[in-house]
Amino acid sequence: MATNYDFDVLYIGTGHGTFDGAAPLAATGVSVGVIESGLIGGTCPNRGCNAKITLDEAVKMSREGARLGEVLHHHPTINWSANVAHKQEIIDPLPTGLTAKLENAGATIIKGHAQFKNSHTVTVDGKRDVTAENIVIATGLKPHRLAIPGTELAHDSEDFLNLAQLPKHLTIIGGGYIGMEFATMANEAGAKVTVIVRGDQVLRKFHQPFVKQVVADLEKRGVTFIYNATVQAFEDDGANLLVHYNDDEQLPTDWILDATGRIPNLDGLGLEQVGVAYDEAGVHVNDYLQTNVPNIYASGDVIKSDQPKVTPAAYFESKYLMQRFSGQSDAPIDFPVIPTVVFTSPRIAQAGVSVEAAEQRGLPVAETDLADYWYYQIDKEPLAYSKQVHDQDGHLVGVTEMSDQAEDAVNALLPAIEFKMSREQVGRLIGLFPSIGYAAWHRA
Ligand SMILES: Cc1cc2nc3c(=O)[nH]c(=O)nc-3n(C[C@H](O)[C@H](O)[C@H](O)COP(=O)(O)OP(=O)(O)OC[C@H]3O[C@@H](n4cnc5c(N)ncnc54)[C@H](O)[C@@H]3O)c2cc1C
Ligand SMILES: NC(=O)c1ccc[n+]([C@@H]2O[C@H](COP(=O)([O-])OP(=O)(O)OC[C@H]3O[C@@H](n4cnc5c(N)ncnc54)[C@H](O)[C@@H]3O)[C@@H](O)[C@H]2O)c1
């Protein structure tokens with residue numbers, strides 16, 4: 001592309017919806033600019049996946065240590081403040097590394113808040129205009145905050161990940177990914193945890209028989225779940241924070257996490273100015289990730305999409321746009337199987353056809369109680385179970401697993417699901433032994 005604009009492609013935001021594709025795109029010689037108002041790398045490295053999984057490592061070890069009992073001389077317990085400091089040491093260098101990745105590939109980074117002026121121009125911090133042939137909106141999501149009295153007394157997931165001291169009693173509003181992962185971490189680190197749930201289920205997108213076992217385990221460990229609760233207000237009465245819910249119930253607590261979801265981050269972006277269509281679920285795109293304004297695209301969490309709002313989807317979209325802008329492909333986006341996992345303890349991970357969809361379609365569901373298998377007995381895992389869906393021809397088309405290493409087991413099975421591998425092909429892939437991948441492959 002050779003244009004009269006400052007850049008061939010300009011990305012707004014530098015999360016996975018951008019950098020996985022923008023850096024290799026710049027390396028092909030296409031001129032690439034990226035605008036970022038916060039930390040380079042966006043949510044996942046700085047206040048999402050990487051930060052969370054670093055804190056979670058100690059949770060896993062503490063639980064495993066307890067299970068191993070007398071095999072270890074001491075049961076490890078979590079030093080929360082040290083764990084948060086360790087997390088910070090891990091994530092602090094990430095923006096610098098990602099800056100180098102983008103700049104070394106030839107991309108230009110512009111710091112500031114972007115606002116559309118017209119379909120080829122954005123203004124940065126109200127001062128400087130930057131022009132481009134194509135512009136990609138990759139501004140992600142921001143925390144949803146309850147519109148109730150006292151909402152300012154609650155915190156978001158980023159505040160939790162930065163807590164220098166763990167409060168004695170945390171109350172979490174919402175039983176989604178963040179609510180359940182953070183309840184698991186806070187409980188294992190010694191806090192009293194209450195989860196307030198709007199309906200009668202948590203983790204609605206995951207296989208409920210597994211979810212119920214995870215919840216029962218958390219309850220056994222002291223986490224309280226309050227179901228069918230409508231949160232009305234938060235109040236500071238001087239001694240405690242109070243969560244008012246339903247008609248006249250109230251719960252005293254020390255710290256409140258509002259984990260009621262995340263919403264498109266479109267603040268001050270000026271989409272109305274250029275007529276880009278969007279609604280409360282995100283920016284509307286076609287099968288080319290193109291908005292209704294033909295030179296404006298969108299990538300990552302900010303898109304209104306049936307894909308889960310997770311890093312693997314953002315990664316694939318940014319790679320797709322790289323291929324499109326570099327002229328390597330003009331095909332519509334064709335999503336592979338995007339796996340999902342909730343990092344509770346044990347985790348629940350899934351890919352492909354769900355158990356529920358299989359039952360509706362009349363596909364057979366095979367079950368494996370992994371707790372019966374010697375490899376899962378090494379660390380005495382009590383909750384480890386897998387369900388696999390095969391199609392009529394015997395190809396693996398879906399897997400749902402609950403175990404401490406369910407993410408690795410599902411990763412191992414992805415090639416079989418994505419490429420609908422035949423029995424013969426499956427039989428030719430022999431994994432390292434012993435390993436989770438090897439154990440999982442028997443279920444392909
Ligand atoms: C607590 C938490 C834990 C998570 N854990 C996982 C996990 O374990 N696994 C997983 O797969 N996913 C996880 N996710 C989801 C994952 O982080 C997102 O799917 C991913 O970051 C989406 O990338 P993105 O590029 O679309 O958006 P983001 O990473 O949010 O990037 C958007 C960027 O745009 C910038 N921006 C916004 N508006 C403007 C503007 N007007 N001008 C300039 N810049 C702007 C923002 O500052 C931000 O840096 C987690 C999310 C959270 C919050
Ligand atoms: N492991 C992962 O991949 C991972 C981890 C964390 C976050 N994420 C991503 O981050 C995003 C946000 O996570 P999240 O947990 O905030 O959202 P979520 O959509 O998973 O869960 C939000 C929860 O809040 C509940 N809720 C909504 N309004 C409520 C109200 N008024 N009162 C009580 N409960 C209410 C919902 O019923 C739901 O259970 C998700 O899209 C997810 O994809 C992913």
Side-chain angles (χ1 to χ4, degrees), residues 6-58 80-114 122 124-125 127-128 130 132 135-143 156-164 178 181 185 262 265 267 269 299-302 309-319 321-322 325-326 343:
D6 297 330
F7 297 103
D8 295 327
V9 185
L10 178 64
Y11 293 82
I12 306 176
T14 59
H16 277 284
T18 291
F19 70 77
D20 293 301
L25 178 64
T28 67
V30 171
S31 87
V32 171
V34 298
I35 306 179
E36 174 58 64
S37 56
L39 288 172
I40 301 295
T43 303
C44 186
N46 298 303
R47 51 187 177 275
C49 335
N50 304 33
K52 179 265 311 282
I53 211 68
T54 308
L55 287 185
D56 178 74
E57 183 62 19
W80 179 265
S81 308
N83 200 21
V84 170
H86 168 59
K87 177 267 302 181
Q88 211 53 43
E89 274 172 24
I90 299 290
I91 65 168
D92 272 347
L94 298 177
T96 310
L98 292 168
T99 298
K101 179 183 165 118
L102 284 160
E103 289 183 341
N104 292 344
T108 301
I109 296 175
I110 301 162
K111 292 301 303 266
H113 179 92
V122 298
V124 182
D125 284 344
K127 294 179 199 140
R128 168 185 172 192
V130 182
I135 301 179
V136 181
I137 302 164
T139 53
L141 302 175
K142 62 176 185 174
D156 65 21
S157 52
E158 185 175 3
D159 298 332
F160 176 92
L161 293 165
N162 289 329
L163 271 172
I178 292 176
E181 290 181 351
M185 288 193 275
R262 288 172 59 82
N265 193 1
D267 295 346
L269 193 57
S299 176
D301 278 1
V302 77
K309 307 275 186 191
V310 292
T311 289
Y315 169 91
F316 188 78
E317 287 159 358
S318 68
K319 288 285 192 189
L321 285 179
M322 185 277 282
F325 292 136
S326 61
F343 288 96

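What you see below is based on every heavy atom in this structure, not just the backbone, and it leaves out hydrogens, waters and symmetry mates.
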Are [X] and [Y] packed together at the side-chain level, in the sense that at least one heavy-atom pair is separated by less than 4.5 angstrom?
| X | Y | value |
| --- | --- | --- |
| V136 | V9 | yes |
| T14 | I109 | no |
| Y11 | L102 | no |
| K309 | R262 | no |

Inter-residue atom distance [X].[atom1] - [Y].[atom2], 0.5 Å rounding:
| X | Y | atom1 | atom2 | answer |
| --- | --- | --- | --- | --- |
| T54 | E89 | OG1 | CD | 11.0 Å |
| L161 | I91 | CG | CD1 | 7.5 Å |
| I12 | S299 | CD1 | OG | 12.0 Å |
| N50 | L55 | CG | CG | 11.5 Å |
| N162 | S157 | CG | OG | 10.0 Å |

Practice problem: Would you indicate whether Y315, at its atom OH, is surrounded by more than 12 heavy atoms from other residues, nucleotides or ligands within a distance under 6.0 Å? | Solution: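 Atom OH in Y315 is not packed in, count stays at 12 or less.
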Counting only N and O atoms by type, is there a donor-acceptor contact under 3.5 Å from the side chain of [X] to the main-chain atoms of [Y]?
| X | Y | value |
| --- | --- | --- |
| D6 | A132 | no |
| K87 | A51 | no |
| D20 | K319 | no |
| E317 | G17 | no |
| T18 | G13 | yes |

For the student: nearest non-hydrogen atoms of [X] and [Y], plus distance:
| X | Y | answer |
| --- | --- | --- |
| P24 | F19 | CD-O, 4.0 Å |
| A314 | G300 | CB-CA, 3.8 Å |
| A26 | A107 | CB-N, 3.7 Å |
| C44 | T311 | SG-OG1, 3.1 Å |
| G42 | P45 | O-CD, 3.7 Å |

Self-check item: Verdict with supporting geometry, V124 and V130, side chain to side chain contact (heavy atoms under 4.5 Å, CB included)
Solution: CA-CA 7 Å; V124 182; V130 182; 3.8 Å; yes
Exercise. I would like to know whether F325 and D8 meet side chain to side chain contact (heavy atoms under 4.5 Å, CB included); could you show each step before the answer?
Key: CA-CA 9 Å; F325 292 136; D8 295 327; over 6 Å; no
Practice problem: With sequence neighbours excluded, give me every side chain to side chain donor-acceptor pair (under 3.5 Å) pair touching residues 90-114. | Solution: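 As it turns out, the side chain to side chain donor-acceptor pair (under 3.5 Å) pairs with a partner in residues 90-114, which skip direct neighbours, are Q88-D92.
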Exercise. For a side-chain hydrogen bond (donor to acceptor under 3.5 Å, both in side chains) with K142, tell me which candidate from D156, D267, N265 qualifies.
Key: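 The passing option is D267.
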Quiz item: Which residues satisfy the side chain to side chain donor-acceptor pair (under 3.5 Å) test with S318, sequence neighbours excluded?
Solution: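 Applying side chain to side chain donor-acceptor pair (under 3.5 Å) to S318 gives none.
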Practice problem: For D56, check side chain to side chain donor-acceptor pair (under 3.5 Å) against everything at least two apart and list the hits. | Solution: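 If we apply the side chain to side chain donor-acceptor pair (under 3.5 Å) test to D56, skipping adjacent residues, the hits are R347.
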